[in-house]
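A, B, ... follow the sequence lines: proteins, then strands. Residue 1 opens every chain. Values below: every heavy atom of this structure, side chains too, minus hydrogens, waters and symmetry copies.
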Protein chains: 2
Amino acid sequence: MAAPAALTLPSPQLIEALSQFFRLLSEPTRLQLLCQLKHGGAMDVASLIEATGFSQSHISRQLGQLQRAGLVSCERDGVRLIYALADPLVEELCNLVQGRMRQRLEQQLQQLPAL
Amino acid sequence: MAAPAALTLPSPQLIEALSQFFRLLSEPTRLQLLCQLKHGGAMDVASLIEATGFSQSHISRQLGQLQRAGLVSCERDGVRLIYALADPLVEELCNLVQGRMRQRLEQQLQQLPAL
DNA sequence: GTGCATAATTCCTTTAGCGTCATAGAGTTC
DNA sequence: GAACTCTATGACGCTAAAGGAATTATGCAC
């Protein structure tokens, strides 16, 4: 049986893999694409371009990265490619972080001296 | 009552804030520092420098970023500064991502044709 | 086949951030 | 006070990645 995770230091490979994953979410464009897909369901590239306002090449590249990471899936519909969310993890992570932000702000609010 | 989150598109400010948070975790150095603090409890800067092998200025800067984000706290002990984890969220996030990695690998393993 | 659409890829420039060296600040000891 | 240790900050080069324009690939209609 393996030692408890809390007592073992993560390997450099794991650190690297984790940081690469978080790096995917560290770019507003990619996060925006994921949110759009969450909001609008499956969408083709043209719609995502219009929704985000970025160039076609940029969107295509970012979608490629998300797809290689398995966060997004893609299927053809005639001449168009329809992308869709492929993993609910992103939303979970965002909700956790957002909850933390709310918590911190409430804390700061309480520590602010009343008038 | 506010609309369900799934139906509203996150504001650009929220997207930006989320991406900035994830950016903190997208750097191996910072993730390594957080893991070290998780593993070894509160540590002074010198120990963190030795544990990571980076230069003093680099470590100091990364610790500063983590502290401003509230992920790490810091108190003086004489001439030394002792840093400690200030938020369990990072570990939660890492565990979630790690679980997803395991899941994906198991999936790939099953799809691999047997000999 | 040609022509027309959509999307991926190849270049390119520019920018953000890592990482180090040198310096300045803060705290202790004498 | 001076001398010393520990940490933060300024200045700088360097590399990775964003972002766009142009090109190429892919699929459909004809």
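With rounding to whole Å, A:Ile59 atom CD1 is found 12 Å from C:dA7 atom P. The separation between B:His58 atom NE2 and C:dC18 atom C1' is 5 Å, rounded to whole Å. Between the CE atom of B:Met43 and the C1' atom of D:dC6 there is a distance of 16 Å, given to the nearest Å. Rounded to whole Å, atom C1' of D:dT9 lies 14 Å from atom CG of B:Leu63. Rounded to whole angstrom, the span from the CD atom of A:Glu75 across to the C1' atom of C:dT6 amounts to 16 Å. The interatomic distance linking A:Leu25 (CG) with D:dA17 (C1') rounds to 16 Å, in whole Å. Atom CD of B:Glu16 and atom C1' of D:dA18 are 13 Å apart (whole Å). Summarising the geometry, the separation between CD on B:Gln67 and P on D:dA8 is reported as 8 Å, rounded to the nearest angstrom.
Residue A:Arg30 places at least one side-chain N or O under 4.0 Å from the OP1 or OP2 atom of D:dA18. Checking the phosphate oxygens (OP1, OP2) of D:dG19, a side-chain nitrogen or oxygen of A:Thr29 falls inside 4.0 Å. Regarding contacts with the backbone of D:dT26, every side-chain N or O of A:Arg80 stays at 4.0 angstrom or more from both OP1 and OP2. Contact between the side-chain N/O atoms of A:Tyr83 and the OP1/OP2 oxygens of C:dT6 is not found at any separation under 4.0 Å.
Here the options are A:Lys38, A:Met43, A:Gln62, the test is side chain to side chain contact (heavy atoms under 4.5 Å, CB included), and the partner is A:Leu33; only A:Gln62 passes.
The backbone N or O of A:Asp87 sits nowhere less than 3.5 Å from a side-chain atom of B:Arg100 that would complete a donor-acceptor pair. Judged by distance alone, with hydrogens and angles left aside, the side-chain atoms of B:Asp77 form no donor-acceptor pair with the main-chain N or O of B:Arg80 at under 3.5 Å.
Using a 4.0 Å heavy-atom criterion, one finds that B:Gln65 contacts the sugar-phosphate atoms exclusively. Within the 4.0 angstrom heavy-atom criterion, only backbone atoms of the sugar-phosphate kind lie near B:Glu27; the bases stay farther away. A:Arg61 comes within 4.0 angstrom of a base, heavy atoms only.
When distances are taken from the side chain of B:Phe54 to each of C:dG19, C:dA7, D:dG19, the shortest belongs to C:dG19. Of the candidates C:dA8, D:dG27, C:dA26, C:dA26 carries the atom nearest the B:Arg76 side chain, counting heavy atoms from C-beta on.
With hydrogens and angles ignored, a donor-acceptor pair under 3.5 angstrom links the side chain of A:Ser57 to the base of D:dA21. Taking only distance into account, the side chain of A:Gln62 never meets the base of D:dA18 through a donor-acceptor pair shorter than 3.5 Å.
Around atom CD of A:Glu50, no more than 12 heavy atoms belonging to other residues, nucleotides or ligands sit under 6.0 Å away.
Transitive grouping of hydrophobic side chains (ILVMFWY, heavy atoms separated by less than 4.5 Å) keeps A:Val45 and A:Val79 in distinct clusters.
Nucleotides of DNA chain D nearest to A:Arg23 and A:Val79 differ in position, and the one nearer the 5' end is that of A:Arg23. Toward the 5′ end of DNA chain D lies the nearest nucleotide of B:Val45, the other residue of the pair A:Gly53 and B:Val45 mapping further downstream.
One distance of note links OG1 of A:Thr29 with CG of A:Leu34; it measures 11.0 Å at 0.5 Å rounding.
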